[in-house]
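Only one structure is covered here, and it is reproduced in the block below.
Below, read A as the first sequence line, B as the second, and so on, with proteins coming before strands; counting in each chain starts at 1. Both backbone and side-chain heavy atoms feed into the values below; hydrogens, waters and symmetry mates do not.
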Amino acid sequence: MENNRLDKLNKLKEKGINPFSNDFEKKENIKNIIEKFGGKDKDFFENNRVEAETAGRIIIIRSFGKAAFFRIRDGFGEIQCYIQKDGIPEQDFELFKEYMDAGDICGVKGHLFRTKTDELTIKVESIHILTKSLLSLPEKWHGLKDIEARFRKRYVDLIANQEVREIFKKRAETIRFFRSFLDANDFLEVETPMMQANPGGATARPFKTHHNALNLELYMRIAPELYLKRLVVGGFDRVYEIGRNFRNEGISVRHNPEFTMLEFYTAYSENTSLMEFVEKMMSELALKICGNYEIEYGTEKLNFKPPFKKIKLKDSLIEIGGFKTEEIDDAEKVFDILTKRNTPGISKTDSLGELLTILFDETVEPKLINPTFITDYPVESSPLARRNDKDVSVTERFELFIAGREIGNGFSELNDPLDQEERFKMQVETKIKEGLPAEMDDDYIEALKQGLPPTAGCGIGIDRVVMLLTNSHSIRDVILFPLLKPVK
RNA sequence: GAGCCGCUAGCUCAGCAGGUAGAGCACCUGACUUUUAAUCAGGUGGUCGUGGGUUCGACUCCCGCGCGGCUCACCA
């Protein structure tokens, strides 16, 4: 089959026609043609000759003996073309009939008309082959369904499945929205190292790499957090970064080894006003991308209309998890509950705070369908967050949950270098126990000693947000080239 | 990493109590100058993911391996 196409390509060359020519000047996009003339009726075209010169990939051909309809598509639109033997140079008709297939890329010149079914169509007067495609297109009706093939050959997926294009357009719009929203609020976009000698800011395992000239072990960043806060120390009061993080963990419908995070920090702020800012940003995002506060996700309906529900972690266990206050007021009782639930990875030595967080993850998180802020996280699970002055066992932290999953995480930053040093020491100990690379980030402590103003910061998982906005079940549906094992 | 499921033509899928593979689209030939999954007639195309085993005979049954999907775990 490919040989047919190869034969055609060779014959074109023999005839002196370049099957990969680039000398056709594309006058306008298909979308422009449709925008200008999509509203004109049959009479208009009968009385006015409208020239059309455009180019695109042939996506379907319906061929007759001495005529054919075909549809071409460029990056912005699609239009039907009609070619017939009469009235055009013989070699153009022959080129089309004998040597061109669906999948080829061509330039056409002609004029517009409406068919008897009233479809805007280009009557072709000359045709040029710009790229001969050597592989056939997936089936016109079912498209490309094989999930593995869709990811490995995303270019075919994008040709065959138009809804996939829409997902990635929405992804781009989402990122653009975040940028312009933050820019409008006086944030400065920055870029911080992705290769770090001491990966910090989160607890995940990092990817290792190596710099030859310096003979230096480096890690791909797991978070930009510690660098962004150094910048706030430096006097950039509002900074944000949108970029890739790398975490050497398992892969699932919600996890890809590289993923995109938005992190932003505001000096002279604290977590409650940050939460309101996030609420405003997220609700406006939904409105902008989906045109509505209410969106459908799978079988769920999500309502982004502010205000979002806000509830303390402990209260959520009672109100949403259905536990009684006295059931969860000490570590031993919570440990028993978790043991009965066969929860893995818990230990008698875990603190009440740690156990409550685990219990929350298991029982409450899946039930948080509409956007919900959970606040007052235990100190133990929040090593970079500021303690709550009124209750030192919890931090000034919130997480945003939507559709039963974590979407954002924000808090008042811990800016006491002595407290931070203590917590880092504990963190390093735990990491070493788990066999993870762990080193005290002395420079970060020094930065705090220099003086970090009271600051609040937040991270939002862009991929997961895009999943919600595009009703995508898997994170791989919103990443153009998700990680796959190589074949063979 | 574990459990379950899948892998057949370029694409979408059938098939099998184990007897040597089929359809539609695409492609080729012919007919057809306004089609909308165009239509009609004929045709080409497959180491049935891979390596073993059982058997006279394996796409089909059994085991290993590869890749993928889903669920779970680590994580966001």
>> For the P atoms, the ones on B:rU50 and on B:rG10, what distance do you get once it is rounded to whole angstrom?
In response: 13 Å
Polar pairs (N or O, both sides) under 3.5 Å between protein and nucleotides 31-34 of chain B?
unit_1	atom_1	unit_2	atom_2	d
B:rC32	N3	A:Gly65	N	3.2
B:rC32	N4	A:Gly65	N	3.4
B:rU33	O2	A:Gln84	OE1	2.6
B:rU33	O2	A:Gln84	NE2	3.4
B:rU33	N3	A:Asp86	OD2	3.1
B:rU33	O4	A:Asp86	OD1	2.6
B:rU33	O4	A:Asp86	OD2	2.2
B:rU34	O2'	A:Lys116	NZ	2.9
B:rU34	O2	A:Lys116	N	2.9

> Quick one: A:Ile251 CD1 to B:rC74 P, roughly how many Å, whole number?
Replying inline: 16 Å
>> Expressed as a whole number of angstroms, how long is the span from A:Glu362:CD to B:rC72:C1'?
In response: 12 Å
>> Would A:Arg221 and A:Thr192 count as a side chain to side chain donor-acceptor pair (under 3.5 Å) here? Give the steps.
In response: CA-CA 10 Å; A:Arg221 75 168 174 205; A:Thr192 63; 3.3 Å; yes
>> What contact category does A:Ile222 fall into here, base, sugar-phosphate, or nothing, at under 4.0 angstrom with non-hydrogen atoms?
In response: nothing
>> Is any side-chain heavy atom of A:Arg171 closer than 4.5 Å to one of A:Ile479?
In response: yes
> What nucleic acid atoms does A:Arg464 come within less than 4.0 Å of, heavy atoms only: base, sugar-phosphate, or nothing?
Replying inline: base
>> Distance check, rounded to the nearest 0.5 Å: A:Thr209 atom OG1 versus A:Tyr219 atom OH?
In response: 11.0 Å
> C1' atom, B:rC13 versus B:rC59: distance in rounded Å?
Replying inline: 15 Å
> If you check the A:Glu249 side chain, which of B:rG10, B:rA76, B:rC74 turns out closest?
Replying inline: B:rC74
> Of the nucleotides B:rA37, B:rC67, B:rU35, which one has an atom closest to the side chain of A:Trp141?
Replying inline: B:rA37
> Which value, in whole Å, describes the distance between the C1' atoms of nucleotides B:rC72 and B:rU54?
Replying inline: 35 Å
>> How close do A:Gly459 and A:Met261 get, counting heavy atoms only, and between which atoms?
In response: CA-CE, 4.1 Å
>> Between A:Leu368 and A:Ile402, does the side chain to side chain contact (heavy atoms under 4.5 Å, CB included) criterion hold? Intermediate values first, please.
In response: CA-CA 6 Å; A:Leu368 302 175; A:Ile402 308 173; over 6 Å; no
> Would a distance-only check, ignoring hydrogens and angles, find a side-chain to backbone donor-acceptor pair under 3.5 Å from A:Asn161 to A:Val164?
Replying inline: no
> Under 4.0 Å between a side-chain N or O of A:Lys140 and OP1 or OP2 of B:rA38?
Replying inline: yes
>> For the backbone of A:Thr357 and the side chain of A:Glu362, can you confirm whether one donor and one acceptor N or O come within less than 3.5 Å of each other?
In response: no
> With rounding to whole Å, what would you report as the distance between B:rG43 and B:rU8 at their P atoms?
Replying inline: 26 Å
> Atom CD of A:Glu98 to atom P of B:rC27: distance rounded to whole Å?
Replying inline: 13 Å
> Rounding to a whole Å, what distance do you find between A:Ile61:CD1 and B:rA38:P?
Replying inline: 11 Å
>> Quick check for you: to the nearest 0.5 Å, what is the distance between A:Glu263 atom CD and A:Leu228 atom CG?
In response: 6.0 Å
>> For the C1' atoms, the ones on B:rC61 and on B:rC48, what distance do you get once it is rounded to whole angstrom?
In response: 16 Å
> Within this structure, what is the CZ-to-C1' distance between A:Arg205 and B:rA73, rounded to whole angstrom?
Replying inline: 10 Å
>> Once you apply a heavy-atom cut-off of 4.0 Å, does A:Val253 come out as touching a base, just sugar-phosphate, or nothing?
In response: sugar-phosphate
> Does A:His142 or A:Phe151 map to a spot on RNA chain B nearer the 5' end, using the closest nucleotide for each?
Replying inline: A:His142
> Counting side-chain heavy atoms from C-beta on, which of B:rA76, B:rA38, B:rC67 comes nearest to A:Glu148?
Replying inline: B:rC67
>> Between C1' on B:rG49 and CG on A:Leu484, what's the gap in Å once rounded to a whole number?
In response: 16 Å
> Should A:Leu313 and A:Asp376 count as side-chain neighbours, where that means a heavy-atom distance under 4.5 Å?
Replying inline: no
> For RNA chain B, which consecutive runs of 3 or more Watson-Crick or G-U pairs (each distance under 3.5 Å) count as stems?
Replying inline: B:1-7 with B:66-72, B:10-13 with B:22-25, B:27-31 with B:39-43, B:49-53 with B:61-65
> Base, sugar-phosphate, or nothing: which does A:Gly459 touch, judged by heavy atoms less than 4.0 Å apart?
Replying inline: nothing
> Among B:rC11, B:rC70, B:rG68, which is the nearest nucleotide to the side chain of A:His473?
Replying inline: B:rC70
>> If I pick the C1' atom on B:rG15 and the same atom on B:rA21, what distance separates them, to the nearest angstrom?
In response: 8 Å
> Separation of A:Met100 atom CE from B:rA26 atom C1', in whole Å?
Replying inline: 17 Å
>> Quick check on RNA chain B: between A:Asp101 and A:Asn256, whose nearest nucleotide comes earlier from the 5' end?
In response: A:Asp101
> Can you check whether A:Arg254 has a side-chain N or O nearer than 4.0 Å to OP1 or OP2 of B:rA76?
Replying inline: no
> Contact class for A:Asn245 vs. all strands (heavy atom < 4.0 Å): base, sugar-phosphate, or nothing?
Replying inline: nothing
>> Can you tell me which nucleotide in B:rU12, B:rG68, B:rU71 comes closest to the side chain of A:Glu139?
In response: B:rU12
>> Using atom C1' in both nucleotides, what's the gap between B:rC27 and B:rU44 to the nearest angstrom?
In response: 8 Å
> What integer number of Å spans the P atoms of B:rA14 and B:rA9?
Replying inline: 12 Å
> Which whole-number value in Å describes the distance from A:Glu406 CD to B:rA76 C1'?
Replying inline: 6 Å
>> Please tell me whether A:Tyr240 and A:Phe277 form a close aromatic pair, meaning their ring centres lie under 6.0 Å apart.
In response: no
> Got a donor-acceptor contact below 3.5 angstrom from the A:Thr349 side chain to the A:Ser347 backbone?
Replying inline: no
> From the list B:rC11, B:rC13, B:rC28, which nucleotide is the closest neighbour of the side chain of A:Asn4?
Replying inline: B:rC28
> Counting only side-chain N and O atoms of A:Lys153, is one of them less than 4.0 Å from OP1 or OP2 of B:rG10?
Replying inline: no
>> Categorize A:Gly461 for me: base, sugar-phosphate, or nothing, with a 4.0 angstrom heavy-atom threshold over every strand shown.
In response: nothing
> Do A:Phe178 and A:Phe264 have their ring centres less than 6.0 Å from each other?
Replying inline: no
